[in-house]
Number of protein chains: 2
Amino acid sequence: MKAKQTITGRIKRSVTLRDIARQVGVSPTTVSNVLNGRGRVSEQTARRVHQAVVENRFIINATARTLRQKQSKIVGVIIPIMEHLISFHDNPFYWAFVSGLQQTIASAGFHVMLDAVEYSSESVEIIRSRNLDGVVVVGSHESFPLTQQLAQIDTLPIIFVDSYLPTMNVNTVTTDDRFGSYLATRYLLGLGHRKIVFLSGPLYEHGVDHERWLGYVRALSEQDTACRPIAVETQMSLESGRLAAHRLIYEHPDVTAVVATGDVLAIGVLRGFFESGVRVPHQCSIIGFDDVSIASHTVPSLTTIHQDIKGKGEAVGRMLLRLIAGQGPPQSEHISLNPHLVVRESTAPPPTVLNRLPLKGGDGLQSKRQ
Amino acid sequence: MKAKQTITGRIKRSVTLRDIARQVGVSPTTVSNVLNGRGRVSEQTARRVHQAVVENRFIINATARTLRQKQSKIVGVIIPIMEHLISFHDNPFYWAFVSGLQQTIASAGFHVMLDAVEYSSESVEIIRSRNLDGVVVVGSHESFPLTQQLAQIDTLPIIFVDSYLPTMNVNTVTTDDRFGSYLATRYLLGLGHRKIVFLSGPLYEHGVDHERWLGYVRALSEQDTACRPIAVETQMSLESGRLAAHRLIYEHPDVTAVVATGDVLAIGVLRGFFESGVRVPHQCSIIGFDDVSIASHTVPSLTTIHQDIKGKGEAVGRMLLRLIAGQGPPQSEHISLNPHLVVRESTAPPPTVLNRLPLKGGDGLQSKRQ
DNA sequence: TTGTAAGCGTTATCAA
DNA sequence: TTGATAACGCTTACAA
């Protein structure tokens with residue numbers, strides 16, 4: 001291990017609190033008290049200490065402080081992943097969320113440590129090892145061993161985001177996914193659609209997409225006609241959406257609308273339909289979920305269920321700060337954010353019987369007569 | 001400060017290396033040696049130590065280790081920001097980059113600490129305070145006080161990403177932006193375009209967008225006709241792109257192609273033109289930069305300059321690990337990644353004289369005769 | 001092959 | 001209002 005050396009060969013040491021104390025002619029305790037604003041110091045002394053701090057460009061060693069106080073002022077953001085990071089890199093969702101969180105906790109002097117952890121992991125060493133003050137887990141499932149481990153931790157606040165963990169007594173922040181999906185489906189039903197496909201990522205039990213499925217089903221069941229739910233399950237990615245669109249055309253040619261569980265998926269569908277010459281919304285309506293910033297800039301722009309992603313990061317940040325400060329309630333907190341419908345260009349009433357044009361091209365000509 | 005207490009009122013202490021030593025009946029040194037695989041321990045002892053570690057769910061305290069060794073195994077990712085985080089939340093670029101970096105350094109046991117720092121900041125306390133082992137700065141400019149401060153640090157490796165700092169002797173990883181932009185512009189010239197607008201974010205001197213400007217200018221100047229460069233400067237965001245498209249139609253109605261310095265901007269333009277009824281690529285071609293995953297899924301899909309963003313994060317991670325291991329060269333390293341052109345649907349030859357349709361609608365009828 | 005003891009830079013406790 | 005001292009949990013000379 002080579003030591004960092006100056007030209008003179010002396011080991012380069014950073015300025016310590018002790019150095020400041022020595023220079024000012026007081027004890028380390030006093031310097032510490034000044035730095036931490038404990039007040040029991042004369043103004044004189046405080047001023048001199050502050051001056052020495054500036055002069056020597058002293059920066060307190062947070063590592064030592066953490067060791068002593070067992071408070072790191074670090075919050076861990078843990079993202080459960082599966083093998084090859086499916087949907088981890090691509091999803092603009094994460095960044096918006098994390099930047100909202102970062103901004104909020106930074107204002108209280110906290111830092112964010114990012115960690116992607118295998119969902120099958122049996123423990124998350126970083127939490128104890130680094131004395132994290134709090135943890136945020138994004139997108140977890142009850143079935144993950146990782147989730148089980150994390151839920152057992154009772155020595156520091158943990159917040160599960162976008163995770164439905166009904167049997168676990170943990171803090172959660174979610175969007176009301178079921179309601180959002182219900183809104184989307186009801187809107188389509190209101191426009192007159194009856195054949196509506198539900199397109200989602202993997203439907204884990206108690207997953208976000210599963211909640212959205214329940215909202216979709218409920219909306220359908222409230223409709224007096226016998227609307228059958230149709231589920232198409234794929235991955236949450238642009239490309240999966242594109243491919244799903246092509247499949248839809250053949251497997252469900254009579255469909256007039258698609259409820260996608262994510263804008264990413266919806267945008268892929270938009271593209272897939274375009275490639276096949278299916279016009280949106282004239283032949284088929286599409287509705288997304290999330291309202292990522294690009295949703296308002298697609299062609300056609302995307303009708304979607306809006307959720308404030310950055311705001312969610314901020315809400316999580318505030319909740320975490322509160323819990324860390326010990327102002328948390330004895331039992332777990334749950335926040336469910338309200339999504340709302342944003343109508344744009346990708347939805348319209350279904351083609352009428354007269355001008356109906358099935359998705360599948362084969363008998364297109366026939367239907368075009370009007 | 002309330003201590004965490006168990007029901008019995010005893011302070012809850014985590015298992016330490018000393019506890020393990022005591023239980024096994026050896027010294028802390030031996031346990032440490034086992035844990036760090038230093039080898040000078042009998043296999044017997046090693047086995048017993050390992051067993052005790054597992055039994056007691058011992059996790060080493062990285063904070064204490066850091067304090068002692070002055071190596072934190074933490075890498076800081078610093079993102080210079082201006083006031084209200086313009087283009088920080090929205091840009092999918094960051095996430096892809098950071099996740100590539102994270103993945104790479106995690107495999108060597110390093111963690112990522114994320115920090116957004118004001119560009120005007122005079123110091124980055126976190127670096128010394130947390131004993132960071134390395135730092136990555138994304139998108140910096142020479143004129144930032146922050147950059148000046150960071151460049152002076154010589155006690156740990158710092159890598160500047162997507163930053164052109166010609167007067168500074170620092171490690172950099174960039175994409176060959178000038179060349180990429182040159183490729184884009186040359187491609188359009190080759191298609192026959194002569195009125196090509198350069199649409200960018202703020203053109204800081206030595207900024208990424210400025211480099212791209214130089215590539216654009218060079219391509220034009222190589223063309224034998226007197227192609228005048230036309231610069232339109234805005235913000236790097238979807239919405240700015242959309243608005244710019246509307247402006248373009250009036251300010252430069254004779255333009256037949258747009259070189260945008262980012263896909264985000266280009267996608268905004270796509271949308272803006274759509275809103276105005278300008279057909280892409282028939283009336284106007286658009287070419288982006290970055291090839292974010294959505295670029296291949298827009299309507300029309302985006303011709304763009306591809307750069308491997310996640311790969312850039314990985315390259316930075318590898319370089320950082322090398323530098324941290326002390327295998328770095330005495331002088332600064334520079335890596336320039338090669339971008340390439342990806343042709344999709346948003347580009348085509350310009351409208352011919354006969355079927356020419358200016359962007360501006362006013363005299364559209366006149367030109368429509370054929 | 002193993003152990004002793006000092007120290008990393010801070011803060012908490014207690015005393016002055 | 002201030003200071004001496006002992007930790008926090010680990011690693012590392014150096015000694016045995």
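If B:A46 and A:I59 are placed on DNA chain C by their nearest nucleotide, the residue sitting closer to the 5' end is B:A46.
Rounded to whole angstrom, the span from the CG atom of B:L67 across to the C1' atom of C:dT10 amounts to 8 Å. Atom CG in B:L17 sits roughly 9 Å away from atom C1' in D:dT11 (whole-Å rounding). The CG atom of A:N61 sits 7 Å away from the C1' atom of C:dT10 (whole-angstrom rounding). Atom-to-atom, NZ of B:K70 to C1' of C:dT10 comes out at 12 Å; the value is rounded to the nearest Å. Between the C1' atom of D:dC8 and the CZ atom of A:R128 lies a distance of 16 Å, rounded to the nearest Å. When the P atom of D:dC8 is taken as reference, atom CD of A:Q71 falls 17 Å away, rounded to whole Å. Rounding to whole angstrom units, CD1 of residue A:I20 and P of C:dT11 are separated by 13 Å. Rounded to whole angstrom, the span from the CG atom of B:N131 across to the P atom of D:dT11 amounts to 15 Å.
Geometric assessment of B:K73 against the ring of B:F110 yields a positive cation-pi assignment under the 6.0 Å and 45° thresholds.
The backbone N or O of A:I59 sits nowhere less than 3.5 Å from a side-chain atom of B:S129 that would complete a donor-acceptor pair. Looking only at distances, a side-chain donor or acceptor of A:D133 sits under 3.5 Å from a matching main-chain atom of A:S72. B:D115 contributes no side-chain N or O that, together with a main-chain N or O of B:I78, makes up a donor-acceptor pair within less than 3.5 Å.
A donor and an acceptor atom never sit less than 3.5 Å apart when one is taken from the side chain of A:R68 and the other from the base of C:dA12.
Checked by atom type, the side-chain pair A:S42/A:T45 shows a donor-acceptor distance below 3.5 Å. Under 3.5 Å, the side chains of B:S140 and B:S163 contain no donor-acceptor pair of N or O atoms. In the model, A:N56 has a side-chain atom that pairs as donor or acceptor with a side-chain atom of A:Q23 under 3.5 Å. Between the side chains of B:Q148 and B:Q152, not a single donor N or O lies within less than 3.5 Å of an accepting N or O. Between A:S27 and A:T30, the side chains place a donor N or O and an acceptor N or O closer than 3.5 Å (distance only, hydrogens not considered).
Between A:Q69 and C:dA12 there is a side-chain polar atom (N or O) within less than 4.0 angstrom of OP1 or OP2. Under 4.0 angstrom from either OP1 or OP2 of C:dA12 there lies at least one side-chain N or O belonging to A:R38. Listed pair B:S27 / C:dG3 meets the phosphate criterion, a side-chain N or O lying under 4.0 Å from OP1 or OP2. Under 4.0 angstrom from either OP1 or OP2 of D:dG9 there lies no side-chain N or O belonging to B:R18.
Defining each end axis of the helix from C:dT1-D:dA16 to C:dA16-D:dT1 as the rotation carrying four pairs' C1' atoms onto the next four, with five pairs an end, the two axes are found to diverge by 30° to 10 degrees.
Nucleic acid contact class of B:T66 (heavy atoms, under 4.0 Å, all strands): none.
In the set C:dT2, C:dT10, D:dC10, C:dT2 carries the atom at the smallest distance from any side-chain atom of B:T45. In this structure, of D:dT2, D:dT11, C:dG9, it is D:dT11 that holds the atom nearest to the side chain of B:R65.
At a non-hydrogen distance threshold of 4.0 Å, B:T29, B:T30 from residues 29-36 of chain B come into contact with DNA chain C.
Comment: B:R130 does not engage B:E125 in a salt bridge, judged by the lack of any side-chain N to carboxylate O separation of less than 4.0 angstrom.
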